[in-house]
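Presented below is the structure to which this report refers.
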Amino acid sequence: MKTIGIEGTAHTFSVGIFDGEEILALRSHTLRPEKGGIHPREAADHHVEHSGELIRGALEDAGLSKDDVELVAFSQGPGLGPCLRVAATVARALSINLNVPIIGVNHCIAHLEIGRFLTGAKDPVLLYASGGNTQVIALAGGRYRVFGETMDIGVGNMLDKFARESGIPFPGGPEIEKMAKNADRYIPLPYSIRGMDVSFSGLLTAALHLREKESMENIAYSIQETAFAMLTEVTERAMAHLGKDEVLLGGGVACNRRLREMVKTMAEERGARFYAPECRYCVDNAAMIAVLGHRMYQAGIRQKIEDTAVNQRFRTDEVDVIW
Ligand code: AMP
Ligand code: MG
């Protein structure tokens with residue numbers, strides 16, 4: 001069943017095509033403001049502007065015509081309202097125009113499902129580390145539940161904010177990773193964990209203050225070591241608590257080699273298996289939306305167009321996992 005996925009929860013608009021076995025196409029475009037952060041309405045305008053060309057391009061890459069599409073899947077939430085509404089509107093227009101069913105999916109669950117699909121992980125604990133979200137998610141009692149999360153900003157957001165305040169444009173994460181490679185010492189920063197929850201705003205403020213007396217390389221390194229150690233610790237706690245022996249990474253920050261290394265080491269030390277998809281499937285992408293939409297449809301889940309209103313606060317544990 002050829003499924004087209006539409007993603008637009010935040011800064012990225014993306015179109016992916018999945019045929020039940022293979023990802024046939026993935027085209028994405030990300031808003032990169034010259035200065036300042038992401039403004040929801042600017043991002044929504046960006047999505048309107050790029051949606052047509054991305055849909056055409058993805059169909060072309062897959063070698064399909066629009067009439068070959070059999071299902072439309074879109075990310076229904078969580079995310080920024082204006083951005084979600086563009087993605088949902090595009091998806092509804094496609095569904096009505098092509099006369100095929102539509103299915104709205106949860107964006108966070110899609111990060112987990114694409115990871116399972118690509119890596120073969122069966123029942124992992126997912127460390128979902130992205131710009132807006134930072135959660136530790138696992139299946140328990142028929143639903144994906146959030147065992148730990150950030151109490152303030154997402155880890156990617158923290159990296160991007162530090163970068164932006166220091167004159168480095170969005171996305172800041174990859175630049176911080178590069179700078180960290182040339183560090184010569186670690187400077188302790190606030191390490192903030194409560195149970196399985198983390199927070200990053202204290203670390204961000206302390207790191208910004210350090211700029212008066214330390215090199216950017218050393219600060220970048222110290223931010224990474226501290227933030228990623230926190231994430232690794234809460235992920236390990238969730239694994240121990242749930243008795244799970246697989247860990248999966250997702251979200252844009254999972255592109256980071258140092259984070260991968262730290263979580264992999266933790267997994268090896270516990271005798272657990274480590275999985276991480278390649279970077280383009282970690283960042284926001286619509287292949288994951290197509291994969292999850294396809295799974296849900298195959299499991300018998302149906303949605304009417306009236307049920308496709310977006311849900312900015314769509315919780316991970318609202319969905320019965322019957323696939
Ligand atoms: P997402 O929100 O999942 O689309 O991912 C975007 C976030 O991932 C942004 O906050 C980026 O700064 C961050 N990111 C991307 N690549 C890296 C990297 N190599 N290291 C750290 N953060 C990264
Ligand atoms: Mg995401």
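Just follow the structure's listing: the first ligand is 1, and inside any ligand the first atom is 1.
Taking the six-membered ring for Trp and thresholds of 30 and 60 degrees, Phe117 and Phe18 have ring planes more than 60 degrees apart, a perpendicular arrangement. Using cut-offs of 30° and 60° on the angle between ring planes, the pair His50 and His46 is tilted.
The local environment of NZ in Lys264 is sparse, with at most 12 non-hydrogen atoms from other residues, nucleotides or ligands closer than 6.0 Å.
With respect to Glu278 and Arg280, a salt bridge is recorded, a charged nitrogen being found less than 4.0 Å from a carboxylate O. Here Glu217 does not pair with Lys181 in a salt bridge; the nearest charged N to carboxylate O distance is not below 4.0 Å.
Close approach of ligand 1 to Gly156 is summarised as follows: ligand atoms under 4.0 Å from at least one heavy atom of the residue are 10 (O). Annotation for ligand 1: atoms under 4.0 Å from non-hydrogen atoms of Ser130 are 1 (P), 2 (O), 3 (O). Every atom of ligand 1 is numbered from 1 in the order shown, and the set under 4.0 Å from a heavy atom of Pro171 is 11 (C), 12 (O). Of all atoms in ligand 1, numbered sequentially from 1 with element shown, those under 4.0 Å from a heavy atom of Gly251 are 3 (O).
For the residue pair His111 / Asn133, no side-chain donor-acceptor distance below 3.5 Å is found, with atom types taken as modelled. With hydrogens and angles left out, the side-chain atoms of Thr226 and Tyr186 include a donor and acceptor closer than 3.5 Å.
Side chain of Ser75 to main chain of Gly77: no donor-acceptor pair is present (N/O by atom type, distance under 3.5 Å, no hydrogens or angles).
Distance check for His111 against the Mg ion (ligand 2): an N/O/S atom falls below 2.8 Å. When distances to the Mg ion (ligand 2) are checked against a cut-off of 2.8 Å, Asn133 contributes no N, O or S atom below that limit.
Under a 4.0 angstrom heavy-atom cut-off, Gln224 registers as lying outside contact with ligand 1.
Hydrophobic clustering places Val321 together with Leu126 (ILVMFWY residues linked when any side-chain heavy atoms are closer than 4.5 Å, directly or through intermediates).
For Arg257, no heavy-atom contact with ligand 1 is shorter than 4.0 Å. Residue contacts with ligand 1, taken as heavy atom pairs separated by less than 4.0 Å, involve Asp284 via backbone and side-chain atoms alike. When heavy-atom distances to ligand 1 are checked against a 4.0 Å cut-off, Leu159 comes that close only through its side chain, counted from C-beta outward.
Note that Arg302 lies in the cation-pi zone of Tyr297, set by a 6.0 Å cut-off to the ring centre and a 45° limit from the axis.
The Mg ion (ligand 2) lies at the vertex of an angle of 90° between the OH atom of Tyr128 and the NE2 atom of His107 (rounded to 10°).
In this structure, Cys255 and Cys282 have their SG atoms no less than 2.5 Å from one another.
When distances from the Mg ion (ligand 2) to the N, O or S atoms of Asp284 are compared, OD1 comes out shortest.
The closest protein non-hydrogen atom to atom 19 (N) of ligand 1 is Glu177 OE1, 2.7 Å. Protein heavy atom closest to atom 20 (N) of ligand 1, with residue, atom name and distance, is Asn256 ND2, 3.0 Å. In this structure, the protein non-hydrogen atom closest to atom 3 (O) of ligand 1 is Gly252 N, 2.8 Å. With respect to atom 10 (O) of ligand 1, the closest heavy atom belonging to the protein is Asp160 OD2, 2.6 Å. Closest to atom 7 (C) of ligand 1, if we only count protein heavy atoms, is Gly131 N, 3.8 Å. Nearest protein heavy-atom neighbour of atom 22 (N) of ligand 1: Gly173 CA, 3.3 Å.
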